[in-house]
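All of these numbers come straight from a predicted model, not from anything done at the bench. Letters go in sequence order (proteins before strands), and every chain restarts at 1.
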2 protein chains.
Amino acid sequence: MENQTQNAFRALADPTRRDIVQMLALQDMTIAQLTDRFNMTRAAVKKHLTVLSDGGLIAVEARGRERINRLEPKGMAPVLDWLSYFDQFWDERLNSLKEAVERKSK
Amino acid sequence: MENQTQNAFRALADPTRRDIVQMLALQDMTIAQLTDRFNMTRAAVKKHLTVLSDGGLIAVEARGRERINRLEPKGMAPVLDWLSYFDQFWDERLNSLKEAVERKSK
DNA sequence: TTAATGTGAAACCAAATGGTATCTCTTTAG
DNA sequence: CTAAAGAGATACCATTTGGTTTCACATTAA
């Protein structure tokens, strides 16, 4: 999807999508399971998942008729990269943070 | 503007606004100075600055007929807070980062 | 095999978003 | 004083966004 920084920031701009990210941080979930936790239709949740996927923040694994959505930690890297570029005064600490993300995602 | 986390994430979701943040990280600027660097009208830049202000990421200081826009580092705190809540595995490093922000903004 | 379950996709809608042009107001320069 | 410079505000516009309803398709259960 080309511009990962933009897609990642855009994915995080919506509160529902940030909630989804937090839920998926606790456990992998199907669309139906996520929909149970929101006051909106499955189609709406699906759209949010597509945006999150474009942002590289989640990955989908097919299991029979189910699709397991799981968090993709390395998708956060462009966001952290941008934060680090934007300002030098917290940079060593942010570099450590980026290393942690890289370790986790391999 | 109530929900700082949402306002900050929303402010960062637009590429022009992220560019503005980067420019203001280098030096304080007026709207006219910022407008010189973009291919859009002053009114459009002004709208972006309003969104950034709502997100707590910039502050405006009146100087005569000019308005000096400057970066407000502590506005990034809700973003970093959210990132740290969302996932534990990089948490000590993120906490260090948050402390750095707090030091810088006082 | 048939029915139920899980998902995807398309058409549609209201509201938000990012931009413009235009007018006004305040402050500074001549 | 008058004109120019810097900025704010409003009305307007096209596109995007976040949601819905509806239909189709694949997989599993009875």
Report summary line: From the candidates C/dT7, C/dG19, C/dT5, the one with an atom nearest any side-chain atom of B/Thr16 is C/dG19

Requested in this report: Take atom CZ of B/Arg17 and atom C1' of C/dG18, then tell me their distance rounded to the nearest Å.
Outcome: 9 Å

Query raised in the report: Side chain of A/Arg42, base of C/dG8: donor and acceptor closer than 3.5 Å?
Result: yes

Query raised in the report: Where the side chain of B/Met40 is defined as all heavy atoms beyond and including C-beta, which of C/dA9, C/dG19, C/dG18 is the nearest nucleotide?
Result: C/dG19

Query raised in the report: Ignoring hydrogens and geometry, is there a side-chain-to-backbone donor-acceptor pair from A/Arg67 to A/Val60 under 3.5 Å?
Result: no

Query raised in the report: Could a donor-acceptor pair under 3.5 angstrom be found where the side chain of A/Arg65 meets the base of C/dT5?
Result: yes

Query raised in the report: Hey, where on DNA chain D does chain A first and last touch, going 5' to 3'? Cut-off is any atom under 4.0 Å from a heavy atom.
Result: D/dT17 to D/dT28

Query raised in the report: With distance as the sole test, does B/Gln33 use its side chain to make a donor-acceptor pair with the main-chain N or O of B/Thr30 at under 3.5 Å?
Result: yes

Query raised in the report: Are any side-chain N or O atoms of A/Gln4 and backbone N or O atoms of A/Met76, one a donor and one an acceptor, separated by less than 3.5 Å?
Result: no

Requested in this report: Measure from the side-chain N and O atoms of B/Gln27 to the backbone N and O of B/Arg70, and report whether any donor-acceptor pair falls under 3.5 Å.
Outcome: no

Report summary line: When A/Ala43 and B/Ile68 are each assigned the nearest nucleotide of DNA chain D, the 5'-most assignment goes to B/Ile68

Requested in this report: Would you please name every residue forming a side-chain hydrogen bond (donor to acceptor under 3.5 Å, both in side chains) with B/Arg10, sequence neighbours left out?
Outcome: none

**Report entry** Euclidean distance, atom CD of residue B/Glu61 to atom C1' of C/dT27 [Å, nearest integer]
**Finding:** 16 Å

Query raised in the report: Quick one: on DNA chain D, does A/Asn39 or A/Arg63 contact a more 5' nucleotide (nearest heavy atom)?
Result: A/Asn39

Query - Length of the NZ-P vector between A/Lys47 and C/dC12, whole Å - result: 13 Å

Query raised in the report: So, do A/Leu83 and B/Leu80 sit near enough that their side-chain heavy atoms are less than 4.5 Å apart?
Result: yes

Report task. Could you tell me whether A/Ala44 contacts a base, only the sugar-phosphate backbone, or nothing, with contacts defined as non-hydrogen atoms closer than 4.0 Å? Result -> base

Requested in this report: Write down the distance between CZ (B/Arg10) and C1' (C/dA15), rounded to a whole number of angstrom.
Outcome: 13 Å

Report task. Using a 4.5 Å cut-off on heavy atoms from C-beta on, say whether the side chain of B/Asp19 contacts that of B/Gln22. Result -> yes

Query raised in the report: Rounded to the nearest Å, what distance is computed from the CG atom of residue A/Leu34 to the P atom of nucleotide C/dG8?
Result: 12 Å

Report summary line: In whole angstroms, the gap separating C1' of C/dT7 from CD of A/Gln33 amounts to 13 Å

**Report entry** Interatomic distance where NZ belongs to B/Lys46 and C1' belongs to C/dG18 [whole Å]
**Finding:** 16 Å

Report summary line: Rounded to whole Å, CG of A/Asn69 lies from P of C/dT7 at a distance of 8 Å

